[in-house]
2 protein chains.
Amino acid sequence: MLFDLTSLDNVFLEQFQTFGCVDRHPVGRVVTVGYYALVETYRHNPVASAWARRTNWFPVDDLPKLAFDHQQILEKGIETLKRSVRYRPVGFELLPKKFTLADLQKLYEAILGYKFDKPNFRKRILSMNLLIPLNELQTNVSHRPAKLFKFDESRYESLKKAGFIFDI
Amino acid sequence: MLFDLTSLDNVFLEQFQTFGCVDRHPVGRVVTVGYYALVETYRHNPVASAWARRTNWFPVDDLPKLAFDHQQILEKGIETLKRSVRYRPVGFELLPKKFTLADLQKLYEAILGYKFDKPNFRKRILSMNLLIPLNELQTNVSHRPAKLFKFDESRYESLKKAGFIFDI
DNA sequence: CCAAAAGTGTTGTTACTACACCCATGA
DNA sequence: TCATGGGTGTAGTAACAACACTTTTGG
């Protein structure tokens, strides 16, 4: 457990694996149930949040040395997230209620570690009809303001019941 | 734990989820780590195997009533298997070393619960170049005998390293 | 010969990639 | 009017589904 999450609510939490190898800890058999959480930094930043001031953040490619098998656990978690994000609309958990398509694209690129072609990414996302366009634009940007969207939760639920599989 | 697997070796075993809800068991908090195993019935049948004589088998759509949340656990396991079988060559674990393409197709249809088009299934599988055709045919069948194949483990490993994702 | 399942080829359609291009805003 | 990123259209190609067809065996 790297962080204490008990003081946060509305956090997306997903179990990925339980680790129970007999020799993974010097004191004997220790069983660890691995979870990852998606925390929106715009909601929980050091300025606004007491919780955030008590946590340490690292980019995944520049971590301090971790104890025991924690590096492996972390890698397994990231691997699971990468799979999840492609086949379930998990990414939206990390965005504000209203977001632009560019926000979404950047998020996917950050998690998966590769770039998407902008026109194709838009078409792909929009063709799923899972985003509701809002009559609202970005403000205070020094370029053409982007349209804001929100995720259509109820449509996703009914599509899923009909056998639809989200796929980016 | 429905079966004792300790007397079996070479069994494909995959963890799918850990269940630890406080109220899932009357005696208090019980944590269960869910695994599913793939057991080849042609190798472990009641006639040949003492282990098989001590186990009970049920079709998944005709199960006796299970205790506590075991029905849910089972469903989660099947769901995980269905996903696994599509994105990793897990299906081969259930086949003999040598098998026909029809065997493979029937296996996928049984696990996933829907039919594939034979010509397209073949093309899909063969285009991955993960099967090694053997110079051997089925015998004693009252129709044209099918060619036998084996799975190319080492090629799969090297493809995987190069970023390839198995997908049926 | 027939039945049954193996195995192949073709065609039409869809989906995807790789671009080039236009649009709206602030400075 | 320029820079910047938002947003659209299209052409070429690859992938796929549907289905007709041929082949090889046992009886």
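Numbers restart at 1 for each chain; the letters A, B, ... are given by sequence-line order, proteins then strands.
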Partner residues of B:F92 under the ring pair (Phe, Tyr, Trp, His ring centres under 6.0 Å) criterion, sequence neighbours left out: B:F99, B:F151
A:I125 has an atom CD1; how far is it from atom P of D:dT8, in whole Å? 15 Å
Taking DNA chain D as the partner, which of residues 127-145 of chain B come within under 4.0 angstrom of it by heavy atom? B:V141, B:S142, B:H143, B:R144, B:P145
Regarding D:dG6, can its base be found pairing with the side chain of A:K147 as donor and acceptor, where the two atoms are less than 3.5 Å apart? no
Do A:L159 and A:L130 have side chains that approach each other closer than 4.5 Å (heavy atoms only, starting at C-beta)? yes
To the nearest Å, how far apart are A:K123 NZ and D:dG6 C1'? 15 Å
Is it the case that the side chain of B:D62 and the backbone of B:P59 share a donor-acceptor pair, with hydrogens and angles ignored and the cut-off at 3.5 Å? no
Please report, rounded to the nearest Å, how far the C1' atom of D:dA20 is from the NZ atom of B:K118. 12 Å
I need the CG-P distance between B:D117 and D:dA18, as an integer number of Å. 7 Å
Taking the side chain as everything from C-beta on, heavy atoms only, tell me whether B:I78 gets closer than 4.5 Å to B:V60. yes
Using modelled atom types only, decide if a donor and an acceptor are shared between the side chain of B:Q15 and the backbone of A:T18 within a distance under 3.5 Å. yes
Which two nucleotides bound the region of DNA chain C that has atoms under 4.0 Å from heavy atoms of chain B, read 5' to 3'? C:dA4 to C:dT10
Pick the nucleotide of DNA chain C nearest each of B:N120 and B:T100; which residue has the one closer to the 5' end? B:T100
B:Q105 versus B:D117, closest heavy-atom pair with distance: NE2-C, 4.3 Å
If only atom types and distance count, is the side chain of B:E109 paired as donor or acceptor with the main-chain N or O of B:F116 below 3.5 Å? yes
For atom CZ of A:F121 and atom C1' of D:dT8, their distance in whole Å: 17 Å
Return yes if some donor-acceptor pair links the side-chain N/O of B:Q138 with the main-chain N/O of B:A146 below 3.5 Å, else return no. yes
Figure out the NZ/P separation between B:K115 and D:dA17, and round it to whole Å. 17 Å
Measure from OH on B:Y114 to C1' on D:dA17 and round the result to the nearest Å. 14 Å
Is there a side chain to side chain contact (heavy atoms under 4.5 Å, CB included) between A:L134 and A:K98? Walk through the geometry before answering. CA-CA 8 Å; A:L134 303 169; A:K98 306 170 181 183; 3.6 Å; yes
For a quick check of understanding: with a heavy-atom distance under 4.0 Å over all strands, which category does B:R122 fall into, base, sugar-phosphate or nothing? base
